[in-house]
Amino acid sequence: MKAYLDLCQRIIDDGVWVENKRTGKRCLTLINADLTYDVANNQFPLITTRKSFWKAAIAELLGYLRGYSSAADFRRLGTKTWDANANENAAWLANPNRQGEDDMGRVYGVQGRQWRKPNGETIDQLKKIIHNLSQKIDDRGEILTFYNPGEIELGCLRPCMHTHTFSLVGDTLYLTSYQRSCDVPLGLTFNQIQVFTLLALVAQITGNKPGLAFHKIINAHIYEDQLELMQNVQLKREPLPLPQLEINPDIKTLEDLETWVTLDDFKVHNYQCHPAIKYPFSV
Ligand SMILES: Nc1nc(=O)c2c([nH]1)NC[C@@H]1CN(c3ccc(C(=O)N[C@@H](CCC(=O)O)C(=O)O)cc3)CN21
Ligand SMILES: O=c1ccn([C@H]2C[C@H](O)[C@@H](COP(=O)(O)O)O2)c(=O)[nH]1
């Protein structure tokens with residue numbers, strides 16, 4: 001939690017204003033940030049200086065792991081976070097590859113589960129990783145990447161957190177996640193949850209112990225219309241102790257994640273937080 005607040009303060013102290021064409025807004029921008037989450041000791045990195053809508057973040061992660069490409073599927077899981085990018089972004093609405101209402105195109109999990117090869121076959125990156133880690137194999141290439149430069153124009157948004165690399169040392173599993181672009185007031189509070197939960201889940205279904213998760217961010221920014229709330233409200237609050245995440249122990253396989261798992265299989269204990277802050281969202 002302190003690392004998150006330090007990053008916000010560092011953006012305010014050292015950030016530079018950069019125009020962003022896609023959203024038409026300026027962002028206070030800082031390059032390079034590293035965050036580490038202690039999954040071994042279940043220090044769940046929920047924001048405490050405002051209320052976190054953590055279930056929506058886990059719903060997004062589940063949708064990515066299932067390879068969903070429709071905002072409607074994400075809504076059924078319990079989050080509306082993809083509605084705006086699927087249905088309100090002018091560039092995507094004008095893109096001939098968009099397949100109607102709610103289509104997100106070939107983003108995130110579609111690449112993770114169905115990466116297209118030149119010969120027409122597809123690669124299930126996640127399945128290979130789960131298979132190897134379950135057999136205690138780390139081939140030093142246990143990489144789940146959503147970033148496919150050849151298919152960028154087939155999706156509504158380029159993936160922000162785009163590559164997750166798993167590493168097995170003995171029976172302890174580590175995760176390193178890379179993020180190219182990070183909306184620190186909104187997106188990062190979701191992405192921290194997702195990195196933590198991805199390691200906890202993959203460790204659980206492959207029979208390994210979770211260790212640390214490393215989150216590497218390139219472009220960390222605060223949009224101009226978010227700055228005042230961050231500076232004068234959120235950063236004036238004192239952080240509170242971190243809560244713990246409980247995952248239903250009956251989740252044992254990738255197929256479980258694909259079929260019956262819902263948000264009811266995740267619980268947070270001892271979450272104390274300051275009141276909600278509604279940050280503006282840029283489409
Ligand atoms: N500008 C921008 N920032 C993002 O963080 C972001 C995107 N775009 N586009 C794709 C996804 C969608 N994500 C989102 C979208 C909305 C919220 C959001 O509004 N969160 C609120 C309330 C959520 C709720 O009520 O469930 C929050 O206070 O955290 C968070 C992440 C993260 N990503
Ligand atoms: O998981 C996510 C998804 C998106 N974001 C943010 C980062 C940026 O503010 C926008 C994406 O804009 P680009 O122009 O494609 O960089 O969404 C995030 O923080 N986390």
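Everything quoted here is computed from the prediction, not taken from an experiment.
From Gln125, atom CD reaches atom OG1 of Thr163 across 8.5 Å, with rounding to the nearest 0.5 Å. Atom-to-atom distance recorded for Leu242:CG and Gln43:CD is 5.5 Å, nearest 0.5 angstrom. Rounding to the nearest 0.5 angstrom, the gap separating the CG atom in Leu227 from the CG atom in Asn232 is 8.0 Å. With rounding to the nearest 0.5 Å, the separation of CD1 in Ile129 from CD1 in Ile137 is 13.0 Å. Residue Tyr279 holds its OH atom at 7.5 Å from CD1 of Ile222, rounded to the nearest 0.5 Å. Here the straight-line distance linking atom NE2 of His131 with atom CG of Leu126 works out to 13.0 Å at 0.5 Å rounding.
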Under the side-chain contact (heavy atoms from CB on, under 4.5 Å) criterion, do Tyr178 and Thr145 qualify, and how do the steps go?
-> CA-CA 10 Å; Tyr178 297 88; Thr145 187; over 6 Å; no

Would you sort out whether Glu60 and Thr81 count as a side chain to side chain donor-acceptor pair (under 3.5 Å), showing the intermediate values?
-> CA-CA 8 Å; Glu60 269 194 359; Thr81 45; 2.8 Å; yes

Determine, stepwise, if the pair Leu175 / Phe214 fulfils side-chain contact (heavy atoms from CB on, under 4.5 Å).
-> CA-CA 6 Å; Leu175 172 62; Phe214 306 103; over 6 Å; no

Can you list the steps and then say if Arg10 with Asp13 is a side-chain contact (heavy atoms from CB on, under 4.5 Å)?
-> CA-CA 5 Å; Arg10 206 150 65 83; Asp13 293 342; 5.8 Å; no

What do the steps show when you test Lys25 against Ser282 for side chain to side chain donor-acceptor pair (under 3.5 Å), and what is the final call?
-> CA-CA 8 Å; Lys25 291 187 192 167; Ser282 299; 2.8 Å; yes

Given side chain to side chain donor-acceptor pair (under 3.5 Å), test Asn132 with Asp138 step by step and report yes or no.
-> CA-CA 7 Å; Asn132 276 8; Asp138 170 359; over 6 Å; no

Begin with the C-alpha distance, continue with both residues' side-chain angles, and end with the deciding distance and a verdict on side-chain contact (heavy atoms from CB on, under 4.5 Å) for Arg140 and Ser167.
-> CA-CA 7 Å; Arg140 300 192 291 198; Ser167 307; over 6 Å; no

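A donor and an acceptor atom, one from each side chain of Asp73 and Ser70, are nowhere located under 3.5 Å apart. Using modelled atom types and a 3.5 Å distance limit, the side chains of Gln244 and Asn42 yield no donor-acceptor pair. Side-chain N/O atoms of Gln179 and Asn191 include a donor and acceptor closer than 3.5 Å. For the residue pair Gln192/His215, the side-chain donor-acceptor check at 3.5 Å is not satisfied. Side chains of Ser177 and His164: a donor-acceptor N/O pair is present below 3.5 angstrom, by distance only. Side-chain polar atoms of Glu246 and His269 form a donor-acceptor pair below 3.5 angstrom. Side chains of Asn208 and Lys136: a donor on one and an acceptor on the other come within 3.5 Å. Using a 3.5 Å distance cut-off with no hydrogens or angles, the side chains of Asp6 and Gln9 do not pair a donor with an acceptor.
Counting heavy atoms from C-beta outward, Gln204 and Ile251 have side chains that approach closer than 4.5 Å. In this structure, Glu142 and Ile130 have side chains that are not in contact, with every pair of non-hydrogen atoms separated by 4.5 Å or more. Using a 4.5 Å heavy-atom cutoff, the side chains of Tyr64 and Leu144 are not in contact. Between Cys8 and Leu235 the shortest side-chain heavy-atom distance falls below 4.5 Å. Thr262 is not listed as a side-chain neighbour of Leu62, based on a closest heavy-atom distance of 4.5 Å or more. Annotation: side chain of Leu257 is in contact with side chain of Ile205 (closest heavy-atom distance under 4.5 Å). Side chains of Ile47 and Tyr4 form a contact here, defined as non-hydrogen atoms less than 4.5 Å apart. Counting only heavy atoms from C-beta outward, the side chains of Phe44 and Thr197 approach each other to under 4.5 Å.
In the hydrophobic cluster analysis, where Ile, Leu, Val, Met, Phe, Trp and Tyr join through side-chain heavy atoms closer than 4.5 angstrom, Phe281 is grouped together with Leu28. In the hydrophobic clustering of this structure, Leu157 groups with Val184; members are Ile, Leu, Val, Met, Phe, Trp, Tyr whose side-chain heavy atoms approach within less than 4.5 Å, directly or through other members. Tracing side-chain contacts under 4.5 Å through hydrophobic residues (I, L, V, M, F, W, Y), one reaches Leu5 starting from Ile12; they form part of the same cluster. Criterion: ILVMFWY side-chain heavy atoms under 4.5 Å apart, direct or through other members. Under it, Leu201 and Tyr174 are not part of a common hydrophobic cluster. No path of Ile, Leu, Val, Met, Phe, Trp and Tyr side chains, each step under 4.5 Å between heavy atoms, connects Ile11 with Phe190, placing them in separate hydrophobic clusters.
A centroid separation of 6.0 Å or more is found between the aromatic rings of Tyr108 and Phe74. Under the 6.0 Å cut-off for aromatic ring centres, Phe196 and Tyr37 do not qualify, their centroids lying 6.0 Å or more apart.
In this structure a side-chain-to-backbone donor-acceptor pair under 3.5 Å is missing from Thr122 to Gln114. Checked by atom type and distance alone, the side chain of Asp256 pairs as donor or acceptor with a backbone atom of Lys252 at under 3.5 Å. At distances below 3.5 Å, not a single donor-acceptor pair connects side-chain atoms of Thr189 with backbone N or O atoms of Gly187. Checking side-chain atoms of Asn219 against main-chain N and O of Arg180 turns up no donor-acceptor pair under 3.5 Å. One N or O on the side chain of Arg237 and one on the backbone of Pro275 form a donor-acceptor pair closer than 3.5 Å. Listed for the Arg113 side chain is a donor-acceptor partner under 3.5 Å among the backbone atoms of Leu65. Side chain of Glu88 to main chain of Asn85: no donor-acceptor pair is present (N/O by atom type, distance under 3.5 Å, no hydrogens or angles).
A salt bridge does not link Arg98 with Asp103: none of the charged nitrogens is closer than 4.0 Å to a carboxylate oxygen. A salt bridge does not link Arg26 with Asp225: every distance from a Lys NZ or Arg NE/NH1/NH2 to an Asp or Glu carboxylate oxygen is 4.0 Å or more. Ion pairing between Arg106 and Glu151 holds under the 4.0 Å rule for side-chain N and carboxylate O.
Taking both residues in full, the closest heavy atoms of Leu263 and Gly78 are given as CD1-CA, 4.2 Å, listed atom of the first, atom of the second, then distance.
No more than 12 heavy atoms of other residues, nucleotides or ligands lie within 6.0 Å of CD in Glu255, so this atom counts as exposed by the packing criterion. Applying the 6.0 Å contact sphere to CD of Glu238 captures no more than 12 heavy atoms from other residues, nucleotides or ligands.
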